[in-house]
Amino acid sequence: MGLGPLFAIPTLIWGSTWFAIKFQLGVVAPQVSVAYRFALAALILAAWCAATGRSLALPRRAHYWMALQGVTFFGLNYVAVYEAEERIASGLVAVAFSTIVFMTPFGARFAFGTPLAARTLTGATLGVAGIALLFLPELRAAGQGGANAVGLALAIASPAIAAIGNLVSMRMQRDQLPVLTSTAWGMGYGALAVAAVAAAGGSAWTFDPRGAYVLSLLYLAVFGSIIAFVTYLTLLKRTGPGPASFVGVATPVIAMLFSTALEGYRWTWIGALGIALAVAGNVIALRPAVAPRGGSARGRGR
């Protein structure tokens, strides 16, 4: 699969999940919904691996990394997202999450010595500025105290935790762990971690049998978790942390298109400018590196 689809698939899917998560809130505790989501995704992916002849047996040492990936990437990261969306608008959560385009490359630089490309930083600045303009009214509302401040703190914690998950995933890829099998294990560990958080917090293990909750849960498990994460992790492996993290900038743009179609979002010139800056940031950061004459091109985003 080419880089274009690897970038487009998680972007389009995660752009829609900001809206789908809203149907998970209200009746079932957020931590419980996250545990359901990733437990279901882990079971489906494990069954697929078994049906296609992929062994689920991995070295014991690999389980330490898969557990850490699960706790960060598929666990606490999503607890923070769901908790934030109970307090503030989903668009604002998407804005905060877009800061992962800075956190992941700088984290990779610190952890692995991965070079930082100037165009990646330029594109990240434009992208986050564009997303901030797109959701400027919600950012102003977050300046007030109360639940808005708590929600914003949770929204900022989410990309920080996810960036750690990105770095762990890079470490797993260096050990050449198979993406499908390790993702199934990671999601299982993530579900267990969230279940422990839910139990510690005294969350009730309820279930909402209504169609909206069940269908959104299935969508989030199959598309938002399995398909989106497998393609994203493949993209991370092939392009590195800089370009891959730009999925976090493009996703809110797609989320706003869904909001326009499904929630009647009304555009302003500031919002349109924000979209333009976000797109420009993606184009700058994701364009192929130009090799000097007589030399060879380096890896994208390196």
Side-chain angles (χ1 to χ4, degrees), residues 6-7 10-11 14 17-18 34 38 64-85 92-117 120-129 131-132 151-175 177 179 182-183 186-187 189-190 193-194 197 224-225 228-252 278 281-282 285-286 300-302:
L6 289 176
F7 182 83
T11 298
W14 283 333
T17 58
W18 295 106
V34 176
F38 284 104
Y64 296 121
W65 293 111
M66 292 186 297
L68 182 56
Q69 182 197 49
V71 170
T72 55
F73 217 32
F74 308 122
L76 299 182
N77 161 34
Y78 275 88
V79 170
V81 168
Y82 279 53
E83 290 281 0
E85 287 207 22
L92 181 52
V93 181
V95 174
F97 197 85
S98 69
T99 59
I100 196 172
V101 297
F102 292 108
M103 296 180 183
T104 298
F106 277 104
R109 174 67 176 175
F110 176 78
F112 306 117
T114 305
L116 286 169
T120 298
L121 297 180
T122 301
T125 301
L126 286 175
V128 173
I131 298 304
L152 185 58
L154 288 166
I156 293 173
S158 176
I161 298 169
I164 296 173
N166 268 333
L167 299 181
V168 173
S169 299
M170 291 174 63
R171 179 62 177 77
M172 291 166 58
Q173 290 169 356
R174 293 189 177 196
D175 287 344
L177 296 179
V179 172
S182 62
T183 300
M187 288 181 175
Y189 283 124
V194 177
V197 171
S225 300
F229 271 109
V230 168
T231 52
Y232 174 78
L233 290 172
T234 304
L235 178 69
L236 180 66
K237 181 178 181 180
R238 292 177 59 178
T239 68
S245 63
F246 267 78
V247 169
V249 171
T251 293
N282 276 266
L286 298 175
R300 293 178 62 181
R302 297 288 180 168

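No donor-acceptor pair closer than 3.5 Å links the side chain of T239 to the backbone N or O of L236. Under the 3.5 Å distance criterion, the side-chain polar atoms of S158 are matched with a main-chain donor or acceptor of N77.
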Open item on the list: Working note: I156 + T99, criterion side chain to side chain contact (heavy atoms under 4.5 Å, CB included); need CA distance, chi angles, decisive distance, verdict.
Closed with: CA-CA 8 Å; I156 293 173; T99 59; 5.6 Å; no
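The two residues G75 and V34 have their closest heavy-atom pair at O-CG1, 4.3 Å. Heavy-atom minimum distance, A250 versus T11: CB-CG2, 3.5 Å. The minimum heavy-atom distance linking P10 with T231 is given by the pair CD-OG1, 3.4 Å. Nearest heavy atoms, A155 versus P159: O-CD, 2.8 Å. The shortest heavy-atom contact between F102 and F106 is O-CD1, 3.0 Å. When all heavy atoms are compared, the tightest approach of A124 to V101 is CB-CG2, 3.6 Å.
Taking CG of L233 as the reference point, atom CG of N166 lies at 8.0 Å (rounded to 0.5 Å). In this structure, the separation between CZ on F38 and OG1 on T183 is 11.0 Å, given to the nearest 0.5 Å. Distance check, rounded to the nearest 0.5 Å: CE of M187 to OG of S182 gives 10.0 Å. Rounding to the nearest 0.5 angstrom, the gap separating the CD1 atom in I161 from the OG1 atom in T72 is 8.5 Å. We find the CG-CE distance between L68 and M172 to be 9.5 Å, quoted to the nearest 0.5 Å. Expressed to the nearest 0.5 Å, how far OG of S225 lies from CZ of F74 amounts to 8.0 Å.
Atom CZ of F112 sits in a crowded spot, with more than 12 heavy atoms from other residues, nucleotides or ligands closer than 6.0 Å.
Side-chain contact between Q69 and L177 is absent, with no heavy-atom pair separated by less than 4.5 Å.
Aromatic pair W14/F229: centroids less than 6.0 angstrom apart.
Under the side-chain contact (heavy atoms from CB on, under 4.5 Å) rule, F73 has a single partner from Y78, Y189, Y232, which is Y232.
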